Each structure stands twice: as structure tokens, then as C-alpha cells.
Amino acid sequence: MDLIRRGAVFKALVFLCFIISSHGRDHLTKLNLPPFLKASRFPTFQHEAYDYIIIGGGTAGCPLAATLSQKYKVLLLERGGSPYGNRNITLLENFHICLADVSPQSPSQGFISTDGVINARAKVLGGGTCINAGFYSRAKPSFVQKAGWDAELVNQSYPWVEERIVHWPKVAPWQAALRDGLLEAGVSPYNGYSYDHLYGTKVGGTIFDESGYRHTAADLLAAGNPNNLRVLLHASVNKIVFNMKQGNRKPRAIGVQFKDENGGHYQAFLKRKRGSDIIVSAGAIGSPQLLLLSGIGPRSELNKHNISVVLRNEHVGKGMSDNPMNSIFVPMKNPTKQSLIETVGITDAGVFIEASSGFSQSDDSIHCHHGIMSAEIGQLSTIPPKQRSFDKIQKYVHNKYSLPKEVFDGGFILEKIDGPLSTGSLVLVDTDIDSNPNVTFNYFQHPQDLRRCVYGIKTIEKILKTNHFTNLTANGAGYPMETLLNMSISANINLIPKHTNDTTSLEQFCRDTVTTIWHYHGGCHVGKVVDQHYRVIGISGLRVIDGSTLFSSPGTNPQATVLMMGRYMGVKILRERLGRAAGV
């Protein structure tokens, strides 16, 4: 029966792809992007050397590669495929399918933190901008100041991104109800449409255009010099190559080892010029993982996996954080139009309130087995096979199918916290770059994070008591908060055991229903693993430029600032190198 269902789902998706327009191909043609080559094509030009080799064509890596290629020769290595032509990526209506896809060709790679929270990391050119909810909002000025960034260049780099891929949303009904509910609940003033981080309620930007088409970091490669920029897909870098024979000088990164889509192995090297760098932009999971696999990290961790020590640094993989998200499901009397994040309430208590609606509302979606990211069967597929039993499967499926249909005719109001203050760590499972490392985030370990969550849930309760939401419910009078909390316990999927007092203790509700919104960061912090110029401390010719260097998540959603960071650091590096060449 399961095979029959999977076959039906496959046929439905094929049919969907057939009837939808060829917007993806048209968009690719209009962008004038550089050629994307499979990694197996590398032998045809393997004799070439590069000024910069960038590992990871994601949110930071794409704008960085485009910028550096304006003056220098760049090799961009991406472990995933192209986002273009994949409607599960490009169309807003298919948002959930990317996260549910567990096939080898999936643009996302699911993982589960040791905390029991189901998560995902990108595996596609464009990185997280291909699988996220699209919301675009800048960091607050104090974040920029604390990072030590040049404010003038920051304010030039954000618009460089915005004019290419950011749009204003046409506010959906669910988002309008949240906007009005936030204001009535006291999250004011109303700041209108704005990219800026402003206390109160606002409508932010989105990387989905008015037709629901997603624009990603990969689009920014069109701003590069195609004569200088080479992009390889399905190129999984498993090790950075170092020159260790430099006397008393630091080890120098000189190249990388990577494998192609067929398992073939290659090496690519930098030019022997001052200023040439290997730049790791593999994300908050991939970057610390690659440093460890390359011999940079805690000695005990490296020895455990028989990895030769290039540089001992006890901070690699430390300080991992993920902004916890808790959500309240609100059933409506009528199916709600699908919407992702458009409206946000920014409170002065360090809590952000957002909303989404219309996920998995059809009977087809409710009964699909999508894998670990699915609210239908996800929890089961994460249980090790030896621990699965027929009884467990039957019980789990029965509980899911016994949910009232109105559970799928509504939306979520979610709260997430600034920071956070709780931190964890990342360690290797093995020496395979394709394996997920073990990641611990220690959600709500810090009491301030838990207090903020409770504040957020109470704020959502105030919003739900406004007429903007009570009028939308089946009885026109709203639901008791305890009823909504009970529904939300079932709707929020993680592997954390539930407690009987979830609806009477908001603290316990926060702990038991915590999920992610993919804002994890850390593992290669500035001042601990990299310096202020994002050079790896103790190594020459190696930088890390991505969210792994951040101590906290910027603003309400990090993608705007990580995109900006790629452009910003590209310009900084160009200025530094060109300045040296001119003798400045």
C-alpha cells in the first residue's frame, strides 16, 4: 500500500510539473548567468589555478563569488545541483515539498539535533534562499556596530542585494489579520513596508515576486564576470589542502579536494599569489564540519577520528545556536490562502511574532509520506529501523489521521526569540562529508530564552482575542487558549517527549513543542576561530564567511544580512587587495 501511495504521489508531482508554466527556464535565460557545470567536467580544465576558491554556493557564497569575480578568477564549488527548473524550489505553493523531499537529489538535507528537533540544511546552489520562507529584513544598527562592520559599506551592500532579488509582498489575508491583531494587542507603532529592523509591527520584504516565483542567491551570480567565474555543481569538498612545509610560518591553505556526482576525486589549487584565498561558505553546519575534517579543531575530536592535526583550536564547532520557534495552530471556518512570512511584530522584549498559513491543506498532502520533514510521518522515519515496530507505526498513524479536518484549515502564529542565549556544539559522526555531524543546540538552556518564549505565547494569546481572529473561527467567537495549546502540541512535530502539564505550564509547552525556523548559526565565531577579517586564526590563505561566524541571528530573519555579508566581504577583499597592488 505504501508503494502504491508513493507511486500516486510521484505521478501527481509529474503532472503538476507538466501543467505549470516554464517560468523557471525563462527566468534562467533572462538572468544571463555563468555556465553551471557538473563537477565531473573538471578534468577538462583541472590545470587551471584560481585567485579564490569558494566552498559553498549558498546565501553568502553566491554574492561573494559574483563580487570577487569582477576582478579575479574564482572557482565556486557547490555540493548540490541547480535550483533552476525545479518547481519545488521556485514556486511558493510548493514550499513544503522541498523540506519534505528525502531523495538523493533533494535541495535539502534533513538532520535531527540531539535535542530531538527536526531540522534541515540546504544542498543546492543558492543555499538556504532556495528552501526558506523568503522573508527579508535587515539587522538592527547595533548588530552592525557590534560586528565591527563599516556602516557605510553595509548600507551600500544591502541595496545591491535588494535591487536584484527582493520584492514587496501582496499581503495575504492571514498576514493582514496578524498585522491588525498585533497592533490591537499593543505591538506598535505600525511601520508600514520596511526592510529595517523597527520596533512595532511592519511588513517586510520577500524573495518571492508577485507571481509566487522565488528569487535566490544564485540569481546574484549574474552580477559576476562570466569570464572569471567558474561554477561547479555536485562538487562535495571533503578536505582543504595545506602547505605545512613553511619553517616557522603558519600552515597555508593552497587547494581543496572534492568529489563529483559519480564519486570521482579531484584537487583544485590557488594561484601562487599573495592575497589568494580558500573561502569556506558552507553554512553553520558545513563550515565547522569541513574545518574539522581538514584538521582544524579540538585535538581530542580530531584524534577520535584519526584526522591529522593541522591546527589545534578548541573553539571549532562550539557556540552552536538555533533560534527556537514555538507556534500556535489556529483552525479557521474556511480554508486559508497559503502565505509564508510577510508580517512581523518586533517587541522590545526580544520576541518576534510572525505567521504562516495554508500548509498541507489538501487530503493528498495530509496522506503523503514525505519523510523526516513531514508532519504526517516524519517522526516515525527518524526512529532507527531496529526500534520501529508495527504497533508504534499503527499508533502514530492513527493519532495523525484522527486529527479533525479543521486542523488543516487554518494557520500558525509563531513566536521566536532574539539571540538566543543558549548554546551547544557540533561534533563529527565520521569522516564522510556527506554525513550530518551531531549537533546540539540546548534549546531553552538559558532561563532568559524560556522567559522570552512564555512572553511570546502570552502575546499570541492577546492577538487571538482580537476581533481580527475571533471572527475567522468556526463559531465566530474564537477558541479557549487551552484548546489551541492542545491542538498545537499535536501539530508541532519533534522527537521530544510530551508532558501532561503542557497546557497548564507555558514553560513546559515551550520546551515540549520547540521547533526550528532554520536560523541556526555559530561554530566558527569571530575572535575564536576567525579574526575580524574572517581569516582563520593560525592559518594563512583561509577564511570563513557565512552564518557560522555569527554569535547571534541578525534581526528577525538572517538571510538579508548573510546575503549582504557576502557582498560586503567581497568588496572589502577587493579593496584590500587592489589597495596593496597600488601600494596604498
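From a predicted model like this one, the values you see are computed outputs, not experimental measurements.
With hydrogens and angles ignored, the 3.5 Å screen pairs no side-chain donor or acceptor of N238 with any backbone N or O of I433. A donor-acceptor pair is defined here as one N or O able to donate and one able to accept, closer than 3.5 Å; no such pair exists between the side chain of T440 and the backbone of T114. Remark: side-chain polar atoms of H525 are paired, donor with acceptor, to backbone N or O of L550 under 3.5 angstrom. Remark: the backbone N or O of Q445 is paired with a side-chain donor or acceptor of S422 at under 3.5 angstrom. Although no hydrogens or angles enter the test, the distance criterion places no donor-acceptor pair under 3.5 Å between the side chain of N119 and the main chain of I112. Proximity of a side-chain donor or acceptor of R543 to a complementary backbone N or O of H533 within less than 3.5 Å is detected. Judged by distance alone, with hydrogens and angles left aside, the side-chain atoms of D432 form a donor-acceptor pair with the main-chain N or O of D434 at under 3.5 Å. Q257 places no side-chain N or O within 3.5 Å of a backbone atom of H265 that could act as its donor or acceptor partner. Between the side chain of D277 and the backbone N or O of I279, no donor-acceptor pair lies under 3.5 Å. Between the S548 side chain and the A284 main chain, no donor and acceptor come within less than 3.5 Å of each other.
W149 and Y568 have tilted rings, their planes meeting at an angle from 30° to 60° on a 0 to 90° scale. Between F258 and F42, the two ring planes are perpendicular [angle over 60°; tilted spans 30° to 60°].
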Problem - Residue pair D546, S287: steps toward the side-chain hydrogen bond (donor to acceptor under 3.5 Å, both in side chains) verdict - result: CA-CA 8 Å; D546 60 22; S287 289; 2.5 Å; yes
Practice task
I would like to know whether R214 and N132 meet side-chain hydrogen bond (donor to acceptor under 3.5 Å, both in side chains); could you show each step before the answer?
Solution key: CA-CA 10 Å; R214 182 193 294 269; N132 66 16; 3.0 Å; yes
Problem - Stepwise side-chain hydrogen bond (donor to acceptor under 3.5 Å, both in side chains) check, N228 with Y52 - result: CA-CA 10 Å; N228 282 341; Y52 298 97; over 6 Å; no
Problem - Test log, rule side-chain contact (heavy atoms from CB on, under 4.5 Å), inputs L414 and M325 - result: CA-CA 7 Å; L414 58 95; M325 181 183 79; 3.7 Å; yes
Exercise for the section: Dump the intermediate steps for ring pair (Phe, Tyr, Trp, His ring centres under 6.0 Å) on F45 and H47, then the final yes or no. Expected result: CA-CA 5 Å; F45 49 85; H47 62 282; 8.1 Å; no
Practice task
Could you walk me through whether D322 and T516 pass the side-chain hydrogen bond (donor to acceptor under 3.5 Å, both in side chains) test, one step at a time?
Solution key: CA-CA 7 Å; D322 186 22; T516 184; 2.8 Å; yes
Exercise for the section: Kindly determine whether F208 and F135 satisfy ring pair (Phe, Tyr, Trp, His ring centres under 6.0 Å), including the steps that lead there. Expected result: CA-CA 9 Å; F208 289 100; F135 193 65; over 10 Å; no
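Taking 4.5 Å as the limit, some side-chain heavy atom of M565 sits within range of a side-chain heavy atom of I545. Looking at heavy atoms from C-beta onward, V161 lies in side-chain contact with Y136 at the 4.5 angstrom threshold. In this structure the side chain of D531 never reaches within 4.5 angstrom of the side chain of V526, judged on heavy atoms. Taking the side chain as every heavy atom from C-beta outward, M320 and L426 approach each other to under 4.5 Å. Contact check for P298 versus K318: side-chain heavy atoms found under the 4.5 Å cut-off.
Remark: the D430 side chain and the S435 side chain contain an N/O donor-acceptor pair separated by less than 3.5 Å.
Look at E78 and K123 and you find no salt bridge, because none of the NZ, NE, NH1 or NH2 atoms lies under 4.0 Å from a carboxylate O. Ion pairing between a basic and an acidic side chain is recognised when a charged N comes within 4.0 Å of a carboxylate O; E314 and R312 show such pairing.
A salt bridge (charged side-chain N to carboxylate O under 4.0 Å, His left out) with D51 is found for one member of K73, R274, K271 and no other, namely K271.
Here the straight-line distance linking atom CD1 of I417 with atom OH of Y443 works out to 11.0 Å at 0.5 Å rounding.
Remark: R121 is not positioned above the aromatic ring of F111, lacking an NZ or CZ atom under 6.0 angstrom from the ring centre and at most 45 degrees off the axis.
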